[in-house]
Amino acid sequence: MANTRAPSTGEPYYLRNFLLLADTVLARDGALFTDEERARLDSVRALPLPARLLLLRLAGRREGWLRHSRLRYPEIPALDEALDVLEGAGWLERAPAAESPPEELAAGLTHEECLHLLRVAGQPLRGGAQAARRRLQALLREDCHTESFVQLGLWPADNSLLCALAGLDQWVRLHQHGLFRLLELLFFGNRHQDLRQFVVSELGLQRFETVKPGGEPDADGWIRSRVEAEELLEAGARLDRLQEELDELRRELKGWRRRLRLPPGPARRARDLLRAAWELATPAQLSHLPMPLRPQDGAAQLRRTRLRALLAGAALLERLGRPGAAAAWQRMALELGVEGRRRGETWLRLVVNLRHSGRLESAQAACQQALAEQPGPVIRRELEQRLGGARPLREPPVLRWSQLRHPGHAGGRTLLQADSGAALCVEELALARFAHDGWQGLHVENLLPRALVGLAAWNLIFAPVPGAFLHRFHAAPLDWGRPGFVERRAEEWRRLRTRLLRERHRAGVRERLHSKAGLQNPLVNWSVFQPGGEPSGHDPGLWRRGLELLLEVLPGRLLAELCEGLLREPSELGHGLPDLLLWRESGPGQPPEWQLVEVKGPGDRLFLAQRLWLDWLLERGLPVSLLLIEEEVVPRRSPADPVGA
DNA sequence: ACGCCAATGG
DNA sequence: TTCACACGCTCCG
DNA sequence: GAGCGTGTGTCTCCATTGGCGTAG
Ligand SMILES: [Mn+2]
Ligand SMILES: [Mn+2]
């Protein structure tokens, strides 16, 4: 697009944002567009202002036929004129017209309008909107075979149904919707962000760290070819649809047990979805493609998308009680290069499915094979336990309280009767009873340790590594959570580690808690530190004190271990930390007393990640314990003293 | 009357 | 583009 | 206790609107 830097006086935000985005993409990836497309994009600036505005308004709306009556923009009073200009320039088509597909137009009709048209067709129907629309569309489909708008002329007087449809409204459809989506994809490097990001950021609803995009002058772009970009868009859309349909099927299968026969309806849908997953994954084709080098490249994203389809299919096979087939799909996914946390989980499911299908030696071999790949600690432990002979884990000291159960549940969670009479969930109850003994505390789970690491490693996370950033809207670098993340930042990691080992990190963390407040970071959830989150009940002051305490009492050596673990495996290690952080002042000049507590109510158990974190914390001599709250059977017995003992 | 959902816009 | 957690059921040793 | 299924809250930026299903 021409480099006419128009003054932004009075330009609506959406026009300004689009021009900025398009210019950036054409400068960076102009070669991915045909001459005709470049000319078309250039011509945007030459359109009369109302038409230009309308074009970008339409680009921001959903794809497909839009009803004319729903196009109302105060800044475009001469709507029809603008529509004519855009139609003349080939940007859009209007309906009803020759070859307009009545069935698609009917998709935008309301319940009432559908009923009206059905009456006109002499087929009155009572029932829901969906049923009415489907019935109407079926009728229109039939009609299409014999008559259409074109055969009948614009006003098909001899077909009352089409005539009535045409009388309801006009419709508009943008031809080039895909071109706009392509621009967004190329700008953001992913298919989750779009032009709205500019607005959200401008309004300060989401703020981002300032990063240095690019940094590798001779590098190829993140996407190689036009075909790759389009495949990425298409595969992503197909995966979304697949997962939606899988969710639907899963809901239908609720309560179905493997013993029972699968009803024919769900059985057929399951077959269809398995085929769809397989066709999206195209494993035979994937096996011939080279493994992508950088995780943020289009080819790598495409591979991940396809492998997710394969794994979704495997999960469906598991649900259907076909462990053998599921195992085959999972082994294929492993061979085709599933990475990261998914890889470990896939190995695990493979082992389980091999066992379920009675192939014990294969399961054993898969265990060995998986362990040889050095998976993260949780997966490693799962595998070792299946092989037998895993080392025993350290057991935390256990506190046992008993408490009356409160009748009723809060969103499925058990409620307990506090001494005050209030109904509290187990963690709240524990906090309340610890407070009797002077403890202050928070239900932190993973939030606080992750935030501490996010603040400590801030500069590493946003270091200007080549290819890590594309634009100014990054919550995380593009290779966040992917293998080799720390290695690609070896120098930054060495500096951070040294600083931590020398206990020189604290001032920096405190400073960033203020200077970076509100900036997106993959490990920091700012809402707990900031006021305004009143409905969620967070006390920002208390959270800041909790963070300060953790920063104070945690030796740099341990924080370094935490940092390295969370930077390498943010998702595998980012969960399972104990529920509560508690502290209490122990006199002037003394460091405060503190402890971590995992709370378990009646019927709850530790899961593996929690056991491993407890083991890790105990190994390092940190004060952590397990609090088991049992249901008090005999009413009004004096509760055991929780901490004094 | 209420809640859910998709669509929309800043 | 979810994830993290709690909780209940079934089966088994 | 293992294994599995299920549900919830918390994220998605947030407020508003219209359409629609459901409960009452
Ligand atoms: Mn918890
Ligand atoms: Mn707990």
Side-chain angles (χ1 to χ4, degrees), chain A residues 12-14 16-17 56-58 60-64 66-67 69-75 108-114 127-133 190-208 236 239-240 243-244 247 250-251 253-259 304-305 308 315 318-319 321 323 341 348-349 352-353 355-356 382 385-386 409-415 425-427 443 445-447 450 473 475 518 520 522 525-528 532-533 535-538 570-572 574-579 598-610:
Chain A
Y13 72 94
Y14 56 91
R16 183 163 29 92
N17 295 340
L56 295 169
R57 283 293 198 188
L58 294 177
R61 296 187 57 170
R62 56 156 241 278
E63 189 171 10
L66 302 172
R67 293 183 60 162
S69 60
R70 303 285 160 81
L71 304 178
R72 288 291 170 265
Y73 300 107
E75 76 275 23
L109 299 179
T110 65
H111 188 191
E112 204 155 325
E113 288 168 327
C114 289
Q130 268 201 341
R133 188 172 300 116
N190 61 57
R191 52 185 196 88
H192 325 304
Q193 288 172 294
D194 55 37
L195 269 164
R196 282 173 301 186
Q197 191 70 77
F198 283 81
V199 181
V200 170
S201 158
E202 212 165 287
L203 293 177
L205 294 168
Q206 230 183 356
R207 293 165 50 231
F208 298 95
L239 182 63
D240 288 347
Q243 283 182 335
E244 241 166 67
D247 280 351
R250 189 149 314 183
R251 273 194 299 277
L253 287 179
K254 192 159 64 175
W256 175 77
R257 305 261 162 226
R258 274 150 209 191
R259 305 271 161 88
R304 282 199 295 274
T305 302
R308 290 191 62 172
E318 285 185 9
R319 183 71 186 90
R341 187 186 181 192
L348 205 55
R349 297 310 309 162
V352 168
N353 286 320
R355 289 197 166 179
H356 282 178
E382 294 264 17
Q385 285 179 359
R386 281 174 174 74
H409 294 248
R413 295 211 52 189
T414 326
L415 285 178
C425 70
V426 282
E427 294 88 356
H443 184 192
E445 280 179 352
N446 316 295
L447 279 178
R450 286 168 59 117
F473 308 103
Q520 298 286 308
N525 177 354
W526 285 104
S527 67
V528 296
S536 56
H538 288 129
S571 55
E572 190 177 330
H575 63 108
L577 281 152
D579 288 316
E598 169 57 37
V599 190
K600 286 296 172 199
D604 193 11
R605 311 188 302 264
L606 289 172
F607 54 86
L608 185 57
Q610 289 179 325

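A quick note: this is a predicted structure, and the numbers were derived from the prediction, not measured. Residue numbers start from 1 in every chain, and the chains themselves are labelled A, B, ... in the order their sequence lines are given, proteins ahead of strands.
- In this structure, A/H575 reaches the C/dC5 phosphate: one of its side-chain N or O atoms is under 4.0 Å from OP1 or OP2.
- Distance noted for atom C1' between B/dC2 and C/dC5: 30 Å (whole Å).
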5' to 3', nucleotides 6-13 of chain C under a 4.0 Å protein heavy-atom cut-off (B base, S sugar-phosphate only, - none) gives SS---S--

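- Between A/R341 atom CZ and C/dT1 atom C1' the separation is 14 Å, expressed in whole Å.
- Closest non-hydrogen pair, A/R450 versus A/P522, comes out as NH2-O, 3.5 Å.
- Nearer to the 5' terminus of DNA chain D, by closest-nucleotide assignment, is the contact made by A/E382 (compared with the other of A/E382 and A/Q197).
- Going from atom CZ of A/R450 over to atom P of D/dT10 covers 16 Å, rounded to whole Å.
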Between the protein and nucleotides 8-10 of chain B, which nitrogen or oxygen pairs are less than 3.5 angstrom apart?
residue	atom	partner	partner atom	Å
B/dT8	OP1	A/R61	NE	2.9
B/dT8	OP1	A/R61	NH2	2.8
B/dT8	OP2	A/R62	N	3.0
B/dG9	OP1	A/Y73	OH	3.1
B/dG10	OP2	A/Y13	OH	2.5
B/dG10	OP2	A/R57	NH1	2.8
B/dG10	OP2	A/R57	NH2	3.2

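- Remark: A/H192 is not in phosphate contact with C/dT2, judged by side-chain N or O atoms under 4.0 Å from OP1 or OP2.
- Inter-residue side-chain proximity for A/L58 and A/L71 is flagged as met; some heavy-atom pair is nearer than 4.5 Å.
- OP1 or OP2 of D/dG5 has not a single side-chain nitrogen or oxygen of A/R250 nearer than 4.0 Å.
- Contact check for A/R16 versus A/F198: no side-chain heavy atoms found under the 4.5 Å cut-off.
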Please write out each protein N/O paired with an N/O of nucleotides 21-24 of chain D under 3.5 Å, distance rounded to 0.1 Å.
residue	atom	partner	partner atom	Å
D/dG21	OP1	A/A129	N	3.0

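- Looking at every heavy atom in both residues, A/H111 comes nearest to A/A129 through CD2-CA, 3.4 Å.
- Atom P of nucleotide D/dG18 and atom CZ of A/R133 are separated by 17 Å, given to the nearest angstrom.
- Among the atoms of the strands shown, only primed sugar atoms or phosphate atoms (P, OP1, OP2) are found under 4.0 Å from some heavy atom of A/N446.
- Only the P atoms considered, D/dT6 is 23 Å distant from D/dT10, to the nearest whole Å.
- The number of heavy-atom neighbours closer than 6.0 Å to CD of A/Q385, taken from other residues, nucleotides and ligands shown, is above 12.
- Between A/R349 and D/dG3 there is no side-chain polar atom (N or O) within less than 4.0 angstrom of OP1 or OP2.
- Looking at A/L109 and A/R67, their side chains come closer than 4.5 Å, going by heavy atoms from C-beta outward.
- The nucleotide D/dT10 finds no pairing partner, because no Watson-Crick or G-U wobble arrangement with both distances shorter than 3.5 Å includes it.
- The two residues A/R341 and A/S571 make their nearest non-hydrogen contact at CD-OG, 3.2 Å.
- Across all strands shown, A/R355 has no heavy atoms under 4.0 Å from either base or sugar-phosphate atoms.
- Taking atom P on both B/dC5 and D/dG7, the two are 14 Å apart, rounded to the nearest angstrom.
- At whole-Å resolution of the value, CZ in A/R251 and P in D/dT8 are 13 Å apart.
- Just one of A/H575, A/K600, A/R605 meets the side chain to side chain donor-acceptor pair (under 3.5 Å) condition when paired with A/Q610; it is A/K600.
- Qualifying salt bridge (Lys or Arg N to Asp or Glu O under 4.0 Å) partners for A/R196, counting only residues two or more places apart in sequence or in other chains: A/D194.
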Please tabulate, one pair per line, each protein N/O and nucleotide N/O from nucleotides 3-5 of chain B that are separated by under 3.5 Å, including the distance.
none

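- The side-chain contact (heavy atoms from CB on, under 4.5 Å) test with A/L66 is passed by exactly one of A/R62, A/E63, A/R70: A/R62.
- Heavy-atom minimum distance, A/L577 versus A/N446: N-OD1, 3.0 Å.
- For A/R319 and D/dC4, the CZ to C1' distance is 9 Å, given to the nearest whole Å.
- For the pair A/Q243 CD and C/dT1 P, the computed distance is 8 Å after rounding to whole Å.
- For the pair A/L58 CG and B/dA7 C1', the computed distance is 14 Å after rounding to whole Å.
- Ring geometry for A/F473 against A/F208 counts as perpendicular: the plane angle is over 60°, on a 0 to 90° scale with 30° as the lower cut.
- Not one N or O on the side chain of A/E445 forms a donor-acceptor pair closer than 3.5 Å with the backbone of A/D579.
- Note: CD (A/E318) to P (D/dC4) measures 7 Å, nearest angstrom.
- Annotation: salt bridge (Lys or Arg N to Asp or Glu O under 4.0 Å) contacts of A/R133 (sequence neighbours excluded): none.
- The minimum heavy-atom distance linking A/R191 with A/D240 is given by the pair NH1-OD2, 3.2 Å.
- When the P atom is compared between B/dG3 and D/dT8, the two are found 16 Å apart, to the nearest whole Å.
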